[in-house]
Amino acid sequence: EGAAVDFMASKPPITLFHLFISLMVMPIIIMITSSESIAQEHQSRGVRFIGLRTGRAEFVLGKLLGQSATIAVMTLLAGGVCMFIAWWKLGDFEFWPTLSAILLFWPRLLAYCIAFLGLAGLCSMNSSSSVGSRTFSIIGLVSLWVMYHLAEFYQTGLFGEPLPASDPHARVWHFIQFFSPFAHENEMWYPEFSHYGYAMIELVFLAALYVGIGLLFYRKRDL
């Protein structure tokens, strides 16, 4: 943890603010906006015409890739806005250190967002309206948040003492916790690849898992 604190202390404060706010807000934004990308095609019945030209998996992946590109641009623009505010309001603003820090954190933020985009895709594939997909997405988001915190609570024991890693209950809760993107958020703040790099891979895996589960049901769905 000391290495993470030293690492963050060496970065411009505005970049830490950008990452902190983005990690907190982007999952909610994704659940509200991206969750309707597939469901709205069912609501308008446009999916029936699309289904004549392409497969269901290709349709879903195309939608999610488009949403991923939108999120990538959105997070970069948010970083640019933070840089502008820092240039405008902070007297000790340094352009290149701030830019390099934002670009350093951007892939981590994008991997974190992609995990939630996968969840939004899962909910959207199994909804017939924009309102329904948003509702399912918010329920899914809250459920993953609760699951993460419950697992965290039970791993620390009743009196706040961490359970031994060899404890079977700790192993079970750690396994359950893995499937929530919230469990990988803290790794985004570390300088070592062994922390943030593996967390990014796990987050992309979770996105693929969510989408894969959604496709299992979506392939059998009546268009």
Side-chain angles (χ1 to χ4, degrees), residues 1 4-37 64-90 93-124 134 137-138 140-149 152 177 179-193 195-208 210-211:
E1 294 184 0
V5 172
D6 294 338
F7 174 68
M8 288 186 288
S10 66
K11 302 302 176 185
I14 193 66
T15 61
L16 303 180
F17 172 81
H18 169 241
L19 181 61
F20 174 76
I21 295 298
S22 297
L23 291 174
M24 182 172 59
V25 173
M26 284 304 298
I28 301 174
I29 294 176
I30 291 171
M31 291 300 105
I32 294 175
T33 59
S34 299
S35 61
E36 65 176 20
S37 60
L64 295 179
L65 286 174
Q67 292 294 319
S68 298
T70 302
I71 291 169
V73 173
M74 183 189 307
T75 49
L76 277 178
L77 288 176
V81 171
C82 287
M83 287 188 63
F84 175 77
I85 294 173
W87 168 78
W88 182 28
K89 292 292 186 179
L90 301 180
F93 172 73
E94 296 180 299
F95 179 82
W96 292 112
T98 304
L99 178 62
S100 63
I102 286 178
L103 294 178
L104 174 68
F105 287 127
W106 177 70
R108 311 181 191 196
L109 175 59
L110 186 58
Y112 188 70
C113 291
I114 285 175
F116 291 100
L117 181 61
L119 176 63
L122 167 62
C123 297
S124 190
R134 290 196 192 103
S137 294
I138 294 300
L141 180 68
V142 173
S143 299
L144 288 180
W145 184 85
V146 171
M147 183 178 76
Y148 161 66
H149 283 284
E152 190 75 9
Q177 190 181 48
F179 293 97
S180 173
F182 293 105
H184 308 277
E185 179 180 341
N186 290 337
E187 306 298 324
M188 301 295 101
W189 299 95
Y190 283 83
E192 302 90 355
F193 182 82
H195 283 283
Y196 76 85
Y198 288 120
M200 290 172 62
I201 295 172
E202 290 166 351
L203 287 165
V204 173
F205 168 77
L206 287 179
Y210 298 150
V211 173

How would you list, by chain and number, every residue that makes a side chain to side chain donor-acceptor pair (under 3.5 Å) with S34, sequence neighbours excluded? Q67

If a pair satisfies salt bridge (charged side-chain N to carboxylate O under 4.0 Å, His left out) and one of its residues is in residues 71-89, list it, with sequence neighbours excluded. none

Could you work out, with ring-ring contact (aromatic ring centres under 6.0 Å, His included) as the rule, every residue matching F84, not counting sequence neighbours? W87

Donor-acceptor pair, T33 side chain versus I29 backbone, under 3.5 Å? yes

For V81, enumerate each residue passing the side chain to side chain contact (heavy atoms under 4.5 Å, CB included) test, keeping only those at least two apart in sequence or located in another chain. I85

Could I get the full list of side chain to side chain contact (heavy atoms under 4.5 Å, CB included) partners for P97, not counting sequence neighbours? P12, E94

For Y196, enumerate each residue passing the ring-ring contact (aromatic ring centres under 6.0 Å, His included) test, keeping only those at least two apart in sequence or located in another chain. F193

With sequence neighbours excluded, residues passing side chain to side chain donor-acceptor pair (under 3.5 Å) with Y210: none

Hey, are the side chains of P181 and Y148 touching, using non-hydrogen atoms and a 4.5 Å cut-off? no

Please list all pairs passing the side chain to side chain donor-acceptor pair (under 3.5 Å) test where one or both residues lie in residues 96-111, with sequence neighbours left out. T75-W106

To check you understand the geometry: which heavy-atom pair defines the closest contact between M31 and F116, and what is its length? CE-O, 2.8 Å

From Y112 OH over to I71 CD1, what is the distance, rounded to the nearest 0.5 angstrom? 13.0 Å

Rounded distance (nearest 0.5 Å) linking atom OG of S37 with atom CG of L64: 6.0 Å

Taken in chain and number order and not counting sequence neighbours, the residues that satisfy side chain to side chain contact (heavy atoms under 4.5 Å, CB included) with L16 are M8, K11, F105, W189

Could you state the interatomic distance from CG (L23) to NE2 (H184), rounded to the nearest 0.5 Å? 13.5 Å

Within 6.0 angstrom of F7 CZ, more than 12 heavy atoms from elsewhere: yes

First locate atom CG of L203, then atom CG of L117, and finally report the distance between them rounded to the nearest 0.5 Å. 12.5 Å

Test of understanding: with salt bridge (Lys or Arg N to Asp or Glu O under 4.0 Å), list the residues that count as partners of E36, not counting sequence neighbours. R134

Those residues that, when tested against W145, pass side chain to side chain donor-acceptor pair (under 3.5 Å) (two or more places apart): H149

Which of I14, T15, L19, L109 passes side chain to side chain contact (heavy atoms under 4.5 Å, CB included) with I102? It is T15

Those residues at least two apart in sequence (or on a different chain) that pass ring-ring contact (aromatic ring centres under 6.0 Å, His included) with H18 are none

Measure the spacing between CG of L119 and OG of S137 and express it to the nearest 0.5 Å. 6.0 Å

